[in-house]
Enquirer: 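Supplied in C-alpha cells, the structure appears directly below.
As the structure is a prediction and not an experimental result, all values here were calculated from the model.
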Amino acid sequence: MSHDSTAAPETAARKLAGRRRKEIVAVLLFSGGPIFESSIPLSVFGVDRQDAGVPRYRLLVCGGEEGPLRTTGGLELTAPHGLEAISRAGTVVVPAWRSITSPPPEEALEALRRAHEEGARIVGLCTGAFVLAAAGLLDGRPATTHWMYAPTLAKRYPSVHVDPRELFVDDGDVLTSAGTAAGIDLCLHIVRTDHGNEAAGALARRLVVPPRRSGGQERYLDRSLPEEIGADPLAEVVAWALEHLHEQFDVETLAARAYMSRRTFDRRFRSLTGSAPLQWLITQRVLQAQRLLETSDYSVDEVAGRCGFRSPVALRGHFRRQLGSSPAAYRAAYRARRPQGERNQGADGGAQTAQGGTAAPEPQQPPARPQASLHPEGQVPHQSRRSASAALGLTAAGSVPGQRGAP
C-alpha cells in the first residue's frame with residue numbers, strides 16, 4: 001500500500017535548478033547507519049542493468065559527515081563524495097539515520113534544504129524520515145517510517161502527518177518509506193514514476209521481488225509503546241491493559257486506574273505516545289485478534305470475545321479498517337501462505353482430523369499478556385493529507401471522532 005498525495009501547486013511548479021540533473025541520484029550516508037538500508041538505493045540506482053531494460057541512473061555516494069563511516073558489524077566505509085556533490089543531484093536519498101534520539105549534522109540538513117529549494121526530489125528511507133523532519137521538509141506533509149518509530153516521529157514533529165500503515169508515502173517532491181524492505185518498494189516506485197511500469201517490472205525481476213506489494217505495515221505492527229513511557233506512571237496502566245485485553249473495559253477504566261480524569265488521561269497519553277488512547281486500545285485488540293486467528297481454531301465470534309470486543313460485528317469492522325480484510329479472509333489467506341509442514345501441524349499444534357483439518361484445542365483461559373515492551377507501536381492514522389487531524393490520528397492533535405466507549 002502506498003500513499004500518493006496530489007502535490008500542491010507550488011510543489012508541482014518547482015523546476016530543477018540548471019546545474020542539477022534528473023538522472024543523478026545522490027545517496028547521503030552517515031556513520032552508524034545500518035548497512036542493509038544503506039545498500040538498497042546503492043543497488044537500485046548504482047548498478048547498470050540496461051541489458052535488462054532498466055534505464056540507467058548516475059549514482060553519487062555522499063558522506064553526510066567526516067569519514068570513515070562505521071556501519072553494521074563494525075565495517076568502515078569511505079564515501080567518494082562529500083556534501084558538495086548533492087548540488088548536482090535531481091534526487092537525494094537518505095537511507096537511514098543512526099539514532100532517532102540524536103540530531104543530524106546541521107551541514108547535512110542545510111544541504112537537504114538547499115536541494116529541495118532547487119527542485120530536487122528528497123527521499124527518506126526508514127529512519128531517514130527523521131533527517132527529513134529535522135530539516136523541516138516534512139512539515140505539514142504526510143509521511144511514514146518504520147512502525148516502531150512512528151509514534152516518536154509524530155510526537156517529536158507534531159506538524160508531520162505520520163501514517164505508520166503505509167509502506168511508503170509519495171508527496172510529490174518529498175517521499176518516505178517504512179522500514180528496511182519497504183525501501184525497495186519506494187525505490188521501485190521511483191523507477192516506475194520516472195520510466196514506467198515496464199522498467200520497474202524489469203528491475204523487480206532482477207531483484208527477485210514483487211513489482212508492487214499489496215497491503216501495508218499493519219500486519220507487522222507490535223503492541224508496545226515508545227521508550228519514553230518506560231519511566232512514566234502510565235507504563236503500569238498500559239501493562240495492565242495488555243494483560244487484560246480479553247476483558248471488556250474502556251478508556252475511562254484506564255483513566256481511573258491512573259487516578260486521572262478522562263480528559264487529563266487523554267492529554268497525558270497523547271503527549272507521551274503521539275496517539276489517542278482509544279485508538280491505541282482498539283489497535284491492541286485487533287492485533288490480539290490477528291494472533292488468535294493465526295494460532296488457534298477459535299471461531300471469529302470466540303476471537304471477538306477473547307479480545308474484549310463487545311460483539312463480533314465490532315471486531316469485523318475494526319479488523320477490516322486496520323487490515324483491509326475480514327477476520328475469516330485473513331485467517332484463510334494466512335493459512336494458505338504457510339508451508340505445507342506447518343499446515344499439517346495445525347495452527348496451534350493441534351492434532352489433524354480425518355478431514356485434514358485441525359482439531360480445536362481444549363478450552364482455555366485467554367493467554368496471559370506479557371509485560372509491555374516499551375517500544376513504539378503503530379496506529380491507524382489519517383487517510384489523506386487533508387484529513388490528517390480528523391481521522392485516526394498519530395499527530396498530537398489527532399483523535400477518533402465520535403468514539404468514546406470501549407470497542
Enquirer: Applying the side chain to side chain contact (heavy atoms under 4.5 Å, CB included) test to Leu203, which of Val209, Ile184, Val44 qualifies?
Expert: Val44
Enquirer: Tell me, please, which residues at least two apart from Ser31 pass side-chain contact (heavy atoms from CB on, under 4.5 Å).
Expert: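 If we apply the side-chain contact (heavy atoms from CB on, under 4.5 Å) test to Ser31, skipping adjacent residues, the hits are Glu65, Leu69, Arg70, Arg98.
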Enquirer: Quick one: side-chain contact (heavy atoms from CB on, under 4.5 Å) partners of Arg58, sequence neighbours excluded?
Expert: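 side-chain contact (heavy atoms from CB on, under 4.5 Å) check on Arg58 returns Ile24, Leu60, Arg88.
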Enquirer: Would you mind listing every ring pair (Phe, Tyr, Trp, His ring centres under 6.0 Å) that reaches into residues 43-79, with sequence neighbours excluded?
Expert: Phe45-Tyr57, Tyr57-His195
Enquirer: Please verify the inter-ring angle class for Phe168 with His189; under 30° counts as parallel, over 60° as perpendicular, anything in between as tilted.
Expert: tilted
Enquirer: Arg316 versus Ser326: any side-chain heavy-atom pair under 4.5 Å?
Expert: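 No; the side chains remain at least 4.5 Å from each other.
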Enquirer: For side-chain contact (heavy atoms from CB on, under 4.5 Å), just list the numbers for Val162 and Tyr157, CA-CA rounded to whole Å, side-chain angles, deciding distance to a tenth of an Å, and then say yes or no.
Expert: CA-CA 9 Å; Val162 182; Tyr157 302 100; over 6 Å; no
Enquirer: Would the distance check show the side chain of Thr264 and the main-chain N or O of Met260 forming a donor-acceptor pair, the cut-off being under 3.5 Å?
Expert: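 Checked: no pair found.
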Enquirer: With distance as the sole test, does Thr145 use its side chain to make a donor-acceptor pair with the main-chain N or O of Ala150 at under 3.5 Å?
Expert: no
Enquirer: After noting the C-alpha distance and the side-chain angles of Arg263 and Asp266, does the key distance pass the side-chain contact (heavy atoms from CB on, under 4.5 Å) rule?
Expert: CA-CA 5 Å; Arg263 177 182 241 175; Asp266 280 7; 5.8 Å; no
Enquirer: Without swapping roles, check the side chain of Ser43 against the backbone of Ser39 for a donor-acceptor pair under 3.5 Å.
Expert: no
Enquirer: For residues Leu59 and Gly46, report the shortest heavy-atom separation together with the two atoms involved.
Expert: CD2-CA, 3.6 Å
Enquirer: Does the side chain of Val25 reach to within under 4.5 Å of the side chain of Pro41, using non-hydrogen atoms?
Expert: no
Enquirer: Indicate the atoms forming the closest heavy-atom contact of Ala89 with Ala120, along with that distance.
Expert: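 Answer, listing the atom of Ala89 first, then Ala120: O-CB, 3.7 Å.
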Enquirer: Can you give me the closest heavy-atom contact between Tyr330 and Ser325, atom names plus distance?
Expert: CB-OG, 3.7 Å
Enquirer: Going from CG on Leu278 to OG1 on Thr283, what distance comes out if it is rounded to the nearest 0.5 angstrom?
Expert: 9.0 Å
Enquirer: Can you find a heavy atom in the side chain of Leu125 that is under 4.5 Å from one in the side chain of Val123?
Expert: yes
Enquirer: To the nearest 0.5 Å, what is the distance between CG on Leu186 and OG1 on Thr193?
Expert: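 Rounded to the nearest 0.5 Å, the CG-OG1 separation comes to 8.5 Å.
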Enquirer: Given the rule in the side-chain contact (heavy atoms from CB on, under 4.5 Å) test, do Arg141 and Val160 qualify, once you have shown the distances and angles that lead to the verdict?
Expert: CA-CA 6 Å; Arg141 292 177 178 266; Val160 180; 6.0 Å; no
Enquirer: Taking the side chain as everything from C-beta on, heavy atoms only, tell me whether Thr152 gets closer than 4.5 Å to Phe130.
Expert: yes
Enquirer: Quick check: do Val251 and Thr253 have side-chain heavy atoms less than 4.5 Å from each other?
Expert: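 The answer is no; the side chains never approach within 4.5 Å.
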Enquirer: Answer yes or no: does atom CD of Glu106 have more than 12 heavy-atom neighbours from other residues, nucleotides or ligands under 6.0 Å?
Expert: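 Yes - once you tally the heavy atoms of other residues, nucleotides and ligands closer than 6.0 Å, there are more than 12.
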Enquirer: Does Asp163 reach the side chain of Pro142, with side-chain heavy atoms less than 4.5 Å apart?
Expert: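 No, their side chains stay 4.5 Å or more apart.
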Enquirer: Closest heavy-atom contact between Cys126 and Gly179?
Expert: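 Smallest interatomic distance, heavy atoms only, reads SG-CA, 3.6 Å.
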Enquirer: Take atom CD of Glu198 as the centre, draw a 6.0 Å sphere, and report whether it contains more than 12 heavy atoms from other residues, nucleotides or ligands.
Expert: no
Enquirer: Using atom types as modelled and distance alone, determine if a side-chain donor or acceptor of Asn197 lies under 3.5 Å from a backbone N or O of Ala199.
Expert: no
Enquirer: Is the backbone N or O of Ala178 less than 3.5 Å from a side-chain atom of Thr144, with the two atoms forming a donor-acceptor pair by type?
Expert: no
Enquirer: Around atom CZ of Arg19, are there more than 12 heavy atoms of other residues, nucleotides or ligands at under 6.0 Å?
Expert: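 Buried by this count: over 12 neighbours within 6.0 Å.
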Enquirer: Can a salt bridge be assigned to the pair Asp194 and Arg121 using a cut-off of 4.0 Å between side-chain N and carboxylate O?
Expert: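 Here Asp194 pairs with Arg121 in a salt bridge, since their nearest N and O are under 4.0 Å apart.
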Enquirer: Nearest heavy-atom pair of Phe30 and Ala96: which atoms, and what distance?
Expert: CD1-O, 4.2 Å
Enquirer: Would you say His116's side chain and Leu112's backbone share a donor-acceptor pair under 3.5 angstrom?
Expert: no
Enquirer: Strictly distance-based, threshold 3.5 Å: is any side-chain N or O of Trp97 a donor or acceptor partner for the main-chain N or O of Ser102?
Expert: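 Side chain of Trp97 to backbone of Ser102, a donor-acceptor pair under 3.5 Å: yes, one is there.
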Enquirer: If you measure from CD on Glu302 to CG on Leu315, what distance do you get to the nearest 0.5 Å?
Expert: 12.5 Å
Enquirer: From Ser177 OG over to Ile40 CD1, what is the distance, rounded to the nearest 0.5 angstrom?
Expert: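 Rounded to the nearest 0.5 Å, the OG-CD1 separation comes out at 7.5 Å.
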Enquirer: What verdict does the side-chain contact (heavy atoms from CB on, under 4.5 Å) test give for Tyr334 and Leu293, after you've listed the backbone C-alpha separation in whole Å, the side-chain angles of each residue and the deciding distance to 0.1 Å?
Expert: CA-CA 9 Å; Tyr334 174 82; Leu293 291 167; over 6 Å; no
Enquirer: Under the salt bridge (Lys or Arg N to Asp or Glu O under 4.0 Å) criterion, do Glu110 and Arg113 qualify, and how do the steps go?
Expert: CA-CA 5 Å; Glu110 182 54 38; Arg113 295 186 195 107; 3.2 Å; yes
Enquirer: Drop me the distance from Leu138's CG to Leu153's CG, to the nearest 0.5 angstrom.
Expert: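 If I round to the nearest 0.5 Å, the distance is 7.0 Å.
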Enquirer: For Phe249, does the six-membered ring have the charged nitrogen or CZ of Arg285 within the cation-pi criterion, i.e. under 6.0 angstrom from the centroid and within 45° of the normal?
Expert: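 Here Arg285 passes the 6.0 Å and 45° test against Phe249.
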Enquirer: What pair of heavy atoms forms the shortest contact from Pro104 to Leu109, and how long is it?
Expert: CB-CD2, 3.9 Å
Enquirer: How far does CZ of Arg156 sit from CD1 of Ile100, to the nearest 0.5 angstrom?
Expert: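 Here the interatomic distance stands at 5.5 Å.
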Enquirer: Is the shortest distance from a Lys or Arg side-chain nitrogen in Arg206 or Asp51 to a carboxylate oxygen in the other one below 4.0 Å?
Expert: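 Yes, Arg206 and Asp51 are salt-bridged.
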Enquirer: Hey, does the side chain of Arg49 reach the backbone of Val54 with a donor-acceptor pair shorter than 3.5 angstrom?
Expert: no
Enquirer: So that I can tick it off, tell me whether Glu23 and Arg56 are bridged by a salt bridge, with the cut-off set at under 4.0 angstrom between side-chain N and carboxylate O.
Expert: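 Salt bridge absent between Arg56 and Glu23.
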Enquirer: Salt bridge or not between Asp297 and Arg331? Use side-chain N to carboxylate O under 4.0 Å.
Expert: no
Enquirer: Indicate yes or no: at least one non-hydrogen side-chain atom of Leu132 is less than 4.5 angstrom from one of Thr176.
Expert: yes
Enquirer: Is the NZ or CZ atom of Arg306 both under 6.0 Å from the centre of the six-membered ring of Tyr298 and within 45° of that ring's axis?
Expert: yes
Enquirer: Inspect the contact between Arg114 and Glu117 and indicate whether a charged nitrogen and a carboxylate oxygen are less than 4.0 angstrom apart.
Expert: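 The answer is no: the pair does not qualify as a salt bridge.
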Enquirer: Testing Ile122, Ile190, Val169 for side chain to side chain contact (heavy atoms under 4.5 Å, CB included) with Leu175, which one passes?
Expert: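 Among Ile122, Ile190, Val169, the one that satisfies the side chain to side chain contact (heavy atoms under 4.5 Å, CB included) with Leu175 is Ile190.
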Enquirer: Are the side chains of Gln284 and Leu245 in touch, meaning some heavy atoms are under 4.5 Å apart?
Expert: yes
